[in-house]
Amino acid sequence: MSGKLQASVTVVINSIAQAKKAAGIRVYNLSAGEPKMMTPQVVRDAANEFIQQGDIPYPSPAGLNELRKTAADRMNKLYGSSFTQDECIITTGGKMAIYLLLQYLCGLNSPLKANPNDKIGVMIQAPFWVSYPSITKIMDGKPVIINTSEAGGWKLTPEMLKAAYTPDCKVLMLNNGVNPTGIIYTRSEMQALLAMAVELDLLVISDEVYSTLVYTDDEYVSCGSFPEYKKHVVVIQSASKAFAMTGWRVGFLFAAPEIIDVMSALSTQSTTGVCLIAQHGALAAFKHADEINQWVNETMKRRRDIFVDAFRKYFGIQLESPKATLYVFTSLASLGVTGMSDDEFCIRALEEANVASVPGSGFGQPGYVRFSYGADEDDLDGGLENLAKFVKSLTK
Ligand code: GLU
């Protein structure tokens with residue numbers, strides 16, 4: 001693909017792994033970040049019931065009011081925010097929420113542009129989720145990447161933010177827990193980042209889709225939980241990870257009503273709104289949210305532990321257990337691999353060992369690899385066993 005348009009590397013690798021599997025090949029798919037679990041029965045039942053009553057019209061562009069209210073109430077209950085129904089829109093997954101928002105903020109009619117030719121700077125910490133800079137570029141914005149380091153715990157600090165700032169920067173993209181590094185920010189760290197963002201007059205987009213996948217007693221801190229910064233913050237949420245509903249494509253964006261109105265208008269010109277069958281499924285999920293969140297969290301925690309143990313068994317190293325998300329992000333050097341790029345490593349691991357993983361370059365961190373332990377349980381130990389054999393064959 002040419003120019004600015006770049007396919008998502010996570011989605012591309014996952015598709016290759018799925019195609020191999022469909023062709024009957026035993027693939028260990030540690031690529032896409034999804035909790036590989038059955039969607040809860042209550043969700044499927046509610047969707048079936050809605051289908052059976054037969055009246056399935058166009059959705060309303062902002063989503064079912066009941067779902068908007070329920071999603072806002074859940075955010076407020078879990079994270080101490082104060083969102084109302086009018087401050088929530090339902091989107092086709094969290095990705096579409098970011099896509100529409102960046103279209104508004106960086107696109108032709110951006111309220112942030114003094115001149116039509118201005119490029120809006122979007123500040124993004126690296127390693128980043130693959131789609132943040134790509135969507136920014138698709139929308140004619142300018143990604144401003146701020147590198148963090150493993151030695152610094154992969155954390156972005158206010159000082160780093162200030163140092164990277166240029167006057168064209170208008171937006172800060174935050175992600176907590178962070179894909180791909182698995183870290184979370186403390187309340188005081190988040191408070192300091194938000195204070196600096198406001199000082200620099202940045203609108204903060206906070207991607208919080210992993211908020212229910214935290215495996216320690218650490219508090220999960222939502223950017224929506226600071227009343228003093230509410231008007232500077234947009235929060236992205238999703239049913240995908242919280243409720244094991246990746247394929248249903250239901251996401252949520254929380255922001256001031258003026259932003260919701262624009263998102264809604266963009267929705268009328270793009271998707272028209274989210275499939276009503278999926279919205280009814282999500283509504284049912286919220287009715288059983290505590291139980292489902294707990295079930296997904298416990299299952300993912302168990303898989304994380306299996307994966308970390310298998311890592312020690314096959315590679316002889318004790319990984320630090322990630323506190324959150326679905327990912328282990330580690331250097332090629334830690335695997336004992338030298339003289340090879342991460343792209344080449346991941347391609348060859350998929351071709352020669354049938355293990356799918358994602359190269360760090362896609363996340364802005366060459367020399368690293370991301371593994372998802374959200375994978376089927378059978379793929380975790382077996383995948384690392386195969387990978388270790390593959391790595392051994394490289395050094396022969
Ligand atoms: N967000 C997940 C990941 O990072 C799902 C795939 C995608 O949309 O990027 O793997």
Side-chain angles (χ1 to χ4, degrees), residues 1 5-19 21 27-37 39 91-102 124-138 143 154 173-184 205-213 236-253 271 274 278 296 300 303-304 307 322 324-330 342 346 349-350 355-365 368-376 379-380 383:
M1 238 181 271
L5 198 57
Q6 220 174 12
S8 161
V9 66
T10 47
V11 176
V12 169
I13 291 178
N14 186 42
S15 307
I16 296 171
Q18 283 175 334
K21 220 168 203 169
V27 176
Y28 301 87
N29 190 359
L30 309 176
S31 64
E34 62 179 336
K36 284 283 281 172
M37 298 167 73
T39 291
T91 55
T92 307
K95 196 182 279 183
M96 194 62 178
I98 296 170
Y99 197 88
L100 292 180
L101 185 61
L102 288 180
I124 301 168
Q125 91 163 62
F128 44 69
W129 177 45
V130 295
S131 288
Y132 301 144
S134 300
I135 297 177
T136 301
K137 285 192 232 164
I138 288 169
W154 298 119
M173 188 78 225
L174 287 181
N175 179 209
N176 184 34
V178 180
N179 177 2
T181 56
I183 64 145
I184 49 170
I205 306 173
S206 180
D207 180 348
E208 304 184 357
V209 300
Y210 296 96
S211 62
T212 55
L213 295 179
I236 310 295
Q237 267 292 356
S238 163
S240 294
K241 276 87 180 179
F243 300 137
M245 289 179 65
T246 49
W248 295 68
R249 311 310 301 133
V250 180
F252 310 92
L253 181 147
T271 55
V274 176
V296 180
M300 293 303 113
R303 292 187 193 173
R304 177 197 69 160
F307 194 79
T325 74
L326 297 168
Y327 311 114
V328 160
F329 193 62
T330 194
D342 51 308
C346 292
L350 184 52
V355 178
S357 56
V358 189
S361 297
F363 304 93
Q365 193 70 39
Y368 280 72
V369 184
R370 190 194 78 174
F371 300 99
S372 168
Y373 51 82
D376 287 322
D379 286 6
L380 298 172

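Note that ligands are numbered from 1 as they come in the structure, with each ligand's atoms numbered from 1 the same way.
- In terms of protein heavy-atom proximity, atom 5 (C) of ligand 1 is closest to Gly33 O, 3.8 Å.
- If you number the atoms of ligand 1 from 1 as listed, the ones under 4.0 Å from a heavy atom of Tyr327 come out as 2 (C), 3 (C), 4 (O), 10 (O).
- The distance from ligand 1 to the heavy atoms of Ala32 drops below 4.0 Å at these ligand atoms: 10 (O).
- In this structure, a donor-acceptor pair under 3.5 Å is absent between the side chains of Thr325 and Asn179.
- Rounding to the nearest 0.5 Å places OG of Ser238 at 9.5 Å from CD1 of Ile98.
- For Tyr210 and Tyr327, the ring centers sit closer than 6.0 Å to each other.
- Under the 3.5 Å distance criterion, with hydrogens and angles disregarded, no donor-acceptor pair is assigned to the side chains of Asn29 and Asp376.
- When heavy-atom distances to ligand 1 are checked against a 4.0 Å cut-off, Thr246 has no atom that comes that close, whether in backbone or side chain.
- Residue Lys241 has at least one heavy-atom neighbour below 4.0 Å for each of these atoms of ligand 1: 1 (N), 2 (C).
- Of the protein's non-hydrogen atoms, Thr10 OG1, 2.6 Å is the one closest to atom 9 (O) of ligand 1.
- Considering backbone and side-chain atoms together, Ser31 places no N or O closer than 3.5 Å to any N or O of ligand 1.
- Checked by distance only, ligand 1 and Val130 stay at 3.5 Å or farther apart across all their nitrogen or oxygen atoms.
- Aromatic ring centres of Phe243 and Trp248: separated by at least 6.0 Å.
- Atoms of ligand 1 lying under 4.0 Å from any heavy atom of Lys95, numbered from 1 in the order shown and given with element: 7 (C), 8 (O).
- Remark: the backbone N or O of Ala32 is paired with a side-chain donor or acceptor of Ser372 at under 3.5 angstrom.
- Here's the thing with Ser131: none of its N/O atoms is less than 3.5 angstrom from an N/O atom of ligand 1.
- At distances below 3.5 Å, not a single donor-acceptor pair connects side-chain atoms of Asn14 with backbone N or O atoms of Ser31.
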